[in-house]
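Chain letters run A, B, ... following the sequence lines, proteins first, then strands; residues in each count from 1.
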Amino acid sequence: MVDERVDWFEFFELDKDIIGCTGGKGGTGKTTVAVNIAYMLSKLGKKVLIIDCDVDNPNVSILMNIELKEIKKINIFVPEFNDKCISCKKCHDVCKPHAILHIPDKKPLLFPEICEGCAACQIICPVGAIDSGFKEIGALLEGSNYGIDIIVGRLKVGEPNSSEIVKQEKIYALKKIKENNYDSIIIDTAPGAHCDVFYSLFGSKIVLYVTEPTLYGMFDLKRILELVKVIDYPIKSYIILNRSDMTNRHDLIEKLSEEYSVPIIGQIPLDKSIQVAYAKGVPVIEEFPDSVGSKSYIQIFNKLKGELKKE
Amino acid sequence: MKKITIASGKGGVGKTTTTATLALLFKEAGKDIILVDCDVDAPNLAIVLKCEELETKDIFSAEKAFLSNNDCCIGCKTCYEKCPSNAIKWDADNKHPIFSDLFCEGCGVCEIVCPENCIELRPIKTGDLLKQHSKYGFTVITGKIKIGEGNSGKIVAEAKMWANNIAKQESTLPDILLSDGPPGVGCPVIASLTDSDYIILLTEPNPAAVHDLKRVLQLAYNFTKHIGVIINKADLFPESTNKIIEFLEQNNLFHLGNIPLDNSIAYAVAEGLSVIEYAPDSIAVKAYRDIFNKIQKFIMN
Ligand code: SF4
Ligand code: SF4
């Protein structure tokens, strides 16, 4: 069993600006957008928190040059078989991911790397032969720079249960948001349209889809637009067309924008200054405020500002 | 049959473009190949390889909880209290649980704890497997996960298994099985790397991509010592590129080569074409050809 359970709907009750940055395809600039929007919000005098939910590859800290400190390990339950075991095989039978090997007349054997921590085995065991052990699947970390706090969830390489990290990260974030009175929360998600991305975005009031004008960009954007449609709560959605002059096929993204009624809030052209800032770990607006890239970020931000809470 | 898997850790560094280009180069070199798209959450390989669908299979790799009938439930709330994923909402008016398809992980705890045995787990469709034929003359197996589902590792494993079976049924075993892996360092990446004879990793000269490369390396080492690395957009930051090359040397990783920034790749992707067809004389294609020659040697050794 897990440390704590999330009450997903508590997020919607927070009276804050919660902005999710996602996009479907990998490498479209989600994290760069998240960091620069956070930076501009902070410059406006808002207290900003970024939650890095790309637990496979959390890169927000790299882009902001933040040294992280670990706040806690994320552990999940794993069974520990004690001597009361009567070898009845029930735990083996209930284990959905098949992490328990039954050995007749002996204690069962666990494959800890497969165990997902649901504790069904402990509940079914008729003789109390299963104690609660734990295994580490990742960690939560924190840091700050430019007056912006970040929370990072990091999956231990090779662990199967990445969504548990996202869940624990959001529970921790919820607590921190309540204690610290943040004005704005930015959530950076993993690529794709799988359940981790769903858990990450849950609670966002605004979702920014960062994409690029290519066929891959379009197909992956379509998947994530479909995913967010499922969230039964009013969400304002905007597409950001990144690397807009990479090709002239804006029509690909414009078609989806119309089909899903999600407006394109702005474009960011290819700009070496964005890449230099990225490689240096500084928001482009801090490093090259007058660059083409920064200007397009500021334009997008000015449009977005209208959607945020007034002070 | 040699099994080669392409991975990167970070998304968007050019895995699909590289897989497609290498596939066409293998074909050009007279090799018989079969491809697997393991990026089940963003399966784009078939687009650029101009595939025609031959066969599809549904995958039921997960289960979700359902109330077998409302009359059975006595309203004890045990399931609601015990669900480790908080996937059950309580309907206070009717005094019975409402199961959320989205949050249910199918662990079966509710089924076990219900004193009246009212809850059952039913298999649900989580994705598709597609067998496709590329107009370039080879088979492409694609795994596709249903939007919002987890457990993509199982779909990757199924896709690879199907590809292996198809390969074995052919009159002569293909020379190469080439897999395009998903981003990340979790379960689906393990499933895509499993059983690989060679792993080709892609990176870019920026700290995030290098960080992610190092993470995926921790996995890759478990499967083979034959690991080659391609640096994409290498001329963007030559200094960082040199640092990566140094790192590769220190760690006995094979540097397969660099791909320069080249807009023809973007234009090709925008049109859904392979860069070889779109811009055969581009500097990117030239770089890919050099890399391909090294890969052939790498595989021979
Ligand atoms: S199967 Fe597990 S996750 Fe799904 S509702 Fe039952 S207890 Fe909750
Ligand atoms: S445990 Fe069974 S009887 Fe009790 S509320 Fe849940 S479904 Fe109804």
Select one option (side chain, backbone, both, neither) describing which atoms of [X] are under 4.5 Å from chain B's heavy atoms.
X	answer
A:I224	neither
A:V94	both
A:I62	side chain
A:V276	both
A:I124	both
A:S163	side chain

Report which part of [X] has an atom under 4.5 Å of a heavy atom belonging to chain A: side chain, backbone, both, or neither.
X	result
B:L219	both
B:I190	side chain
B:V269	both
B:K144	side chain
B:K154	neither

### Query
Do B:E63 and A:K96 have side-chain heavy atoms sitting under 4.5 Å apart?
yes

### Query
Is A:Q275 close to B:L236 at the side-chain level, that is, under 4.5 Å between some pair of heavy atoms?
yes

#### Entry: Step-by-step side chain to side chain contact (heavy atoms under 4.5 Å, CB included) determination, A:N59 to B:D212
CA-CA 9 Å; A:N59 289 334; B:D212 299 350; 3.0 Å; yes

### Query
At what distance, to the nearest 0.5 angstrom, does CG of B:L45 lie from OH of A:Y216?
7.0 Å

### Query
Looking at B:V13, B:L102, B:V210, which one has more heavy-atom pairs under 4.5 Å with chain A than the rest?
B:L102

#### Entry: Among B:V216, B:N263, B:V109, residue most engaged with chain A (heavy-atom pairs, under 4.5 Å)
B:V109

### Task
Answer yes or no: is there a donor N or O on one side and an acceptor on the other, between the side chain of B:R215 and the main chain of A:D56, under 3.5 Å?
yes

### Message
For the backbone of A:A279 and the side chain of B:N206, can you confirm whether one donor and one acceptor N or O come within less than 3.5 Å of each other?
### Response
no

#### Entry: Stepwise side chain to side chain contact (heavy atoms under 4.5 Å, CB included) test for B:I145 and A:R223
CA-CA 10 Å; B:I145 191 169; A:R223 284 176 65 86; 3.4 Å; yes

### Task
Inspect the contact between B:K146 and A:E226 and indicate whether a charged nitrogen and a carboxylate oxygen are less than 4.0 angstrom apart.
no

### A:K272 charged N/C atom sitting above B:F237 aromatic ring, 6.0 Å / 45°
yes

### Query
Going through the checks in order, is the side chain to side chain contact (heavy atoms under 4.5 Å, CB included) test met by B:C187 and A:E159?
CA-CA 6 Å; B:C187 207; A:E159 278 298 333; over 6 Å; no

### Query
Do the side-chain N and O atoms of A:N57 and B:H211 include a donor-acceptor pair separated by under 3.5 angstrom?
no

### Parallel, tilted or perpendicular: rings of A:F202 and B:F103 (30°, 60°)
perpendicular

